[in-house]
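Any value given below was found using the heavy atoms of this structure, including those in side chains, with hydrogens, waters and symmetry copies removed. Start at 1 and go down the list; that is how both ligands and their atoms are numbered.
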Amino acid sequence: MKKETLTVELGERSYPIIIGDGLLQQAGPLLREAGLAPASKLLVVTDENVAPRYLQPLKAALEAAGYAVHSFVIGPGEQSKSLAVYEAVMTEAISAGLDRKSAILALGGGVVGDLAGFVAATYMRGIAFVQVPTTLLAHDSSVGGKVAINHPLGKNLIGAFHQPRLVLYDTSAIRTLPERERAAGFAEVLKHGLIADESFVSWLEANAEKLWQLDSELLSKAICRGCEVKASIVSADETEQNQRALLNLGHTFGHAFEALCEYSRLNHGEAISIGMCLAAKVAERIGVAQDGVYERTRQLLRQYQLPTEWPHALDPKDVLEVMKRDKKAVGGKLALVLPRAIGTVELFARVDEELVLTVMKEEAGA
Ligand SMILES: NC(=O)c1ccc[n+]([C@@H]2O[C@H](COP(=O)([O-])OP(=O)(O)OC[C@H]3O[C@@H](n4cnc5c(N)ncnc54)[C@H](O)[C@@H]3O)[C@@H](O)[C@H]2O)c1
Ligand SMILES: [Zn+2]
């Protein structure tokens, strides 16, 4: 079985990301190699869509290597990143008798990863954490150590930085993802190209059809390159003092769309897809981007079945208000990551609000 390994370089917190088709079966030996001893119990957190497909194979692989495995299944979707579900997972960890040498495994997408990771970050002041992503989007969320749950007043407001000990990415799991989630995952893959690597973007353009069909070899390559781009930025700036903000291309718009749609009509990937188009348009309008950046960005996103049009019924003024509350905003000024060219972005700390509003109004046809 072919597998690729890359390392997130973070000094003594460095960890491997192992990517390959069928890796779930090798989970036992891979956890041992990562230094997790079978003496202490493991808790696998997963959701109701993932559990029937992948929980048993993962458990069996771990038990065969001598691990005692507990599991906890949460409801699917963003609503599970809540204080109530956090408490339920904590209760399970305590009653199962996890100790300070135990590990929590997140088997699922970004929701399971963010929630289980936050439990791991806080259980007994922090225990080992392993990511076992099953969505394409999770190539992004499983790298970088940001873990969080939501508060009714805002997304990801309660969280920590807690790096995993290992990311075990079985790419075969992606085949059972609904198409809409597949597209959403590609949005983050494309983002990693757009922020850092023009030749990766050309490759994604040339291979769009096969990638969309989940050609196994190409998919592994795409995930690997996406993880590499993220890992290199995270290595340079673990706690988001500067460069890490570049990963937010399209996200200031996107988060506002998600919030105003109450996290339902648009998923994260769809929201940032539209956001990346708007960022390109604003960049061209201000004159910081090369000509053609917007059009190439839009075409690329469309190749992967992603939306690029203004979300119906949203008022640009409301969107602007929410954008100004973004974590990057300082002193109420709008800060945006904008493209200079395909593969090169920059954080602009004080973007002219009126101009952004005008661009959004044009897009909204208002
Ligand atoms: N921590 C970070 O750095 C970071 C980065 C990006 C996104 N996120 C977070 O990630 C979350 C989104 O992640 P996501 O898109 O993976 O969503 P998700 O975890 O909700 O998964 C999407 C849907 O697919 C289902 N599913 C998962 N794997 C499947 C499979 N193999 N086959 C069939 N169905 C499957 C899930 O049950 C769910 O219904 C958001 O909460 C976002 O805030 C975090
Ligand atoms: Zn994102």
>> When you measure from the Zn ion (ligand 2) to the N, O or S atoms of E188, does any of those distances fall below 2.8 Å?
In response: yes

> Is it true that a side-chain atom of D170 and a backbone atom of L24 form a donor plus acceptor pair closer than 3.5 Å?
Replying inline: yes

> Which of parallel (below 30°), tilted (30 to 60°) and perpendicular (above 60°) describes F200 and W203?
Replying inline: parallel

> Cut-off 3.5 Å, side chains only: do Q299 and Q303 have a donor facing an acceptor?
Replying inline: no

>> Looking only at protein heavy atoms, which one is nearest to atom 37 (O) of ligand 1, and what is the separation?
In response: D47 OD2, 2.7 Å

>> Which atom name would you report as the N, O or S atom of H268 nearest the Zn ion (ligand 2)?
In response: NE2

> Mind checking whether Y294 and L300 sit in one hydrophobic cluster, side chains of I, L, V, M, F, W, Y counted as touching below 4.5 Å?
Replying inline: no

>> Same cluster or not: I274 versus V319, using hydrophobic residues (I, L, V, M, F, W, Y) connected whenever any side-chain heavy atoms lie under 4.5 Å apart?
In response: yes

>> Can you tell me how the ring of Y304 sits relative to the ring of W212, calling it parallel under 30°, perpendicular over 60° and tilted otherwise?
In response: perpendicular

> At what distance is the nearest protein heavy atom to atom 10 (O) of ligand 1, and which residue and atom is it?
Replying inline: G110 CA, 3.2 Å

> Non-hydrogen atoms of R53 versus ligand 1: any pair closer than 4.0 Å?
Replying inline: yes

> Do you see a donor-acceptor pair shorter than 3.5 Å between the side chains of Q163 and E238?
Replying inline: yes

> Regarding H268 and E188, is there a side-chain donor-to-acceptor distance under 3.5 Å anywhere?
Replying inline: yes

> Counting heavy atoms only, which of D114, I149, I74 is nearest atom 44 (C) of ligand 1?
Replying inline: D114

>> Could you identify the single nearest non-hydrogen protein atom to atom 28 (N) of ligand 1 and state the distance to 0.1 Å?
In response: T134 OG1, 2.7 Å

> Among all protein non-hydrogen atoms, which one is nearest to atom 30 (C) of ligand 1, and what is the separation to 0.1 Å?
Replying inline: T176 OG1, 3.4 Å

> For atom 41 (O) of ligand 1, what is the nearest protein heavy atom, given as residue, atom name and distance?
Replying inline: E78 OE1, 2.6 Å

>> Given 3.5 Å as the limit, does a donor-acceptor pair link the side chain of S14 with the main chain of L10, or not?
In response: yes

> Which residue from V112, N150, L137, L107 reaches closest to atom 15 (O) of ligand 1 through any of its heavy atoms?
Replying inline: L137

> Would you say ligand 1 has an N or O under 3.5 Å from any N or O of G108?
Replying inline: no

>> Tell me the protein heavy atom at minimum distance from atom 4 (C) of ligand 1, and give that distance in Å.
In response: S141 CB, 3.3 Å

>> Among all protein heavy atoms in this structure, tell me which lies nearest to atom 1 (N) of ligand 1, with the distance rounded to 0.1 Å.
In response: K146 O, 2.8 Å

> So is V111 polar-close to ligand 1, meaning N/O to N/O under 3.5 Å?
Replying inline: yes

>> Taking 4.0 angstrom as the limit and counting only heavy atoms of T135, give me the atoms of ligand 1 inside it, by number and element.
In response: 16 (O), 21 (O), 27 (C), 28 (N)

> Would you call R225 and E228 a salt bridge, using N to O less than 4.0 angstrom?
Replying inline: yes

>> Considering non-hydrogen atoms of the protein only, which is the closest contact for atom 3 (O) of ligand 1, and what is the distance?
In response: K230 NZ, 3.5 Å

>> Quiz question: by atom type and distance under 3.5 Å, do the side chains of Y54 and T176 form a donor-acceptor pair?
In response: yes

>> In this structure, does ligand 1 have an atom that sits under 4.0 Å from one of the heavy atoms of A173?
In response: yes

> D140 to ligand 1: N or O pair under 3.5 Å?
Replying inline: no

> What do we get for L177 next to ligand 1 when only non-hydrogen atoms under 4.0 Å count, side chain, backbone, both or neither?
Replying inline: both

>> Using a strict threshold of under 4.0 Å (side-chain N to carboxylate O), is an ion pair present between E362 and R285?
In response: yes

> Which ligand 1 atoms are under 4.0 Å away from a heavy-atom of K155?
Replying inline: 40 (C), 41 (O), 42 (C), 43 (O)

> Of the backbone atoms (N, CA, C, O) and the side-chain heavy atoms from C-beta on, which set of V147 has a member under 4.0 Å from an atom of ligand 1: side chain, backbone, both, or neither?
Replying inline: neither

